[in-house]
Structures are given as structure tokens and as C-alpha cells.
Protein chains: 2
Amino acid sequence: MAVTKEKNEINYHSAEECPITATIDVIGGKWKPPIIWLLLKGPLRFGELHKIIPGMALKVLSRQLKELEADGIIIRKAYPEVPPRVEYRLSEKGETLREVIFLLSDWSRKHIINA
Amino acid sequence: MAVTKEKNEINYHSAEECPITATIDVIGGKWKPPIIWLLLKGPLRFGELHKIIPGMALKVLSRQLKELEADGIIIRKAYPEVPPRVEYRLSEKGETLREVIFLLSDWSRKHIINA
DNA sequence: CAGTATCCAGTTGGATACTG
DNA sequence: CAGTATCCAACTGGATACTG
């Protein structure tokens, strides 16, 4: 990411350098907001997430979780049991998204009329 | 987002619990953050936007502007002149995104470390 | 239980030429 | 100047079957 000199100053010329886009890339996967929202309430297992968000294909959940993990937002903990148990929770970095998530949610409630 | 497809009506476990996606749909097009960011500073003409964000194809700029307009974020004003002059500016609703945009930008600066 | 593998469809983004 | 038209590539997301 290109270094930004002054806060709130227009100093990028491509989407790749845009810090806003960078954040959206982290939280903007189709199912990432619901996943993060749910994990803000507490850790969940893979199957629980799948059950709570029924429209989401297994493969998609799997990849979104991998991406969130790669971005340092969530932490995957596998318990050496049979049958296996895997728990996902927010990292400290992920917790810092709480403010962001809440503001996005709030803006929607205030300004998006339908739904 | 200016949605013309019904497929975006996704049955989250509870749509009201997850309005985050709705906001991201509005601001999350690839070039929308830079466009909104620029317009937060003041109105710009089509060609100015195109010049300032050189990597963006004309067709893409055109569609992103249409979508932002359809979502009530920006206002398009065409002056009846030859050659034509068209100016884009944020609506009042668009101005309310300032806080959101700044927070997203701020989070990126604080938590996305990679170069 | 917690995922992969496979294969497929829809949407988005892109380069370039053209028009009112 | 301010866009469209055309055609195309890439990516994301999806349904289902299968595995450790």
C-alpha cells in the first residue's frame, strides 16, 4: 500500500492505493459482514456459522473464513478431537472492526429506506 | 448498489441484523470510494474524474456514477451547452457518508500494514 | 464435524472504437 | 465534452458429491 502523507488528503490515483478500498476489501466479501457480525457476539464453530447463514454454500464459507484468517481478522482454533471441532473467533485486530461495522450498520439503518 | 437483479435479495438469517452489506453495496464498487472521496472535496466534471483516476475505463466510470446517482449519493447536473458540461456533486445523503468514509480510511491506515 | 473437489453461472471490470 | 457499444477476461459465488 502506498504511503499516505497527510490524513484525509487526496493523494492516490488508483483504486489499488485507496485506503477505503483496502478496508472494504477486508470486510467486503459477500458473506463477511454477517460472519464478522456474528463473531462480534462470540466464537462460533464452522457448522454453527453454516446453520445460522443457510444460504451460504460450504465452499464459500470456507473461503471467506480463510480470507478473514489471512487478513488477521479471525483466529481458527482446531481441537484435536473426534469428531473434529473447530472454533472461529475474532482476533484483537478483528475486534477493532467493531466500530467500523457498527457505523456501517448505523448508516444503513438511517439512509437505506427499503428492506 | 443500484441493483437490477433480484439475486441480490439474499436471505440472511436476519436481514435487519446485517445491514452492513447494504452500506458496502452502496460504496463498495471498485472505483466508488475514490469517486466519493474526491467529490467530498467538491463537485467535479466527468472528464475531471476520468483524468484524476487514470486507471479507470470510461465505461466503468460511467456506470459507477449512474449507480451512485441511482442510490441517491450523487447528483448529476448537465448544463445545456455545446460542448456539453456535466457536473457531479454529492447529495445531502452523500455528504452523510463523510464519517463512514473517514472511518474506513482511518481503519486502513491503522491496521493494514503491508506495503 | 469440518471441510474439499468439481464444475458451472452470473457479475464486474477492462480496452477500444464510436457518437450526439 | 460526455458519454455508448461491443466484445472479452477475471473473479466471485453456487450446488452437489465426496473425504479425513
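Predicted, not measured: the structure shown is a model, and the values here were computed from it. Throughout, protein chains are lettered first and strands after them, A, B, ... in sequence-line order, and every chain is numbered starting at 1.
Between B/Trp31 and C/dG14 there is a side-chain N or O to OP1 or OP2 distance below 4.0 Å. Phosphate proximity of C/dG3 to A/Lys66: absent, as no side-chain N or O sits under 4.0 Å from OP1 or OP2. Contact between the side-chain N/O atoms of B/Arg45 and the OP1/OP2 oxygens of D/dA2 is found at a separation under 4.0 Å. A sub-4.0 Å separation between OP1 or OP2 of C/dG13 and a side-chain N or O of B/Lys32 is absent.
Residues from residues 77-89 of chain B lying near DNA chain D, meaning a heavy-atom separation below 4.0 Å, are B/Pro83, B/Pro84, B/Arg85, B/Val86, B/Tyr88 in numerical order. A heavy-atom distance below 4.0 Å to DNA chain C is reached by these residues of residues 56-64 of chain A, ordered by number: A/Leu58, A/Lys59, A/Ser62.
No donor-acceptor pair under 3.5 Å is formed between the side chain of A/Thr23 and the backbone N or O of B/Ser105.
Nearest to the side chain of A/Phe46, among C/dG13, D/dG13, C/dA2, sits C/dA2.
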Taking Watson-Crick and G-U wobble contacts under 3.5 angstrom, with | marking pairs to another strand and [ ] crossing pairs, the secondary structure of DNA chain C is written ||||||||||||||||||||

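For A/Pro43, the side-chain contact (heavy atoms from CB on, under 4.5 Å) partners two or more places apart in sequence, or in a different chain, are A/Glu87, A/Arg89. Taking the side chain to side chain donor-acceptor pair (under 3.5 Å) definition, one finds that A/Lys93 meets it with nothing, sequence neighbours left out.
Among the protein residues, B/Lys51 comes within range of no part of the nucleic acid, since none of its heavy atoms lies under 4.0 Å from any strand.
In this structure, the separation between NZ on B/Lys77 and CZ on B/Arg45 is 13.0 Å, given to the nearest 0.5 Å.
Residue pairs meeting the ring-ring contact (aromatic ring centres under 6.0 Å, His included) criterion with at least one partner in residues 44-103 of chain A, sequence neighbours excluded, are A/Trp37-A/Phe102.
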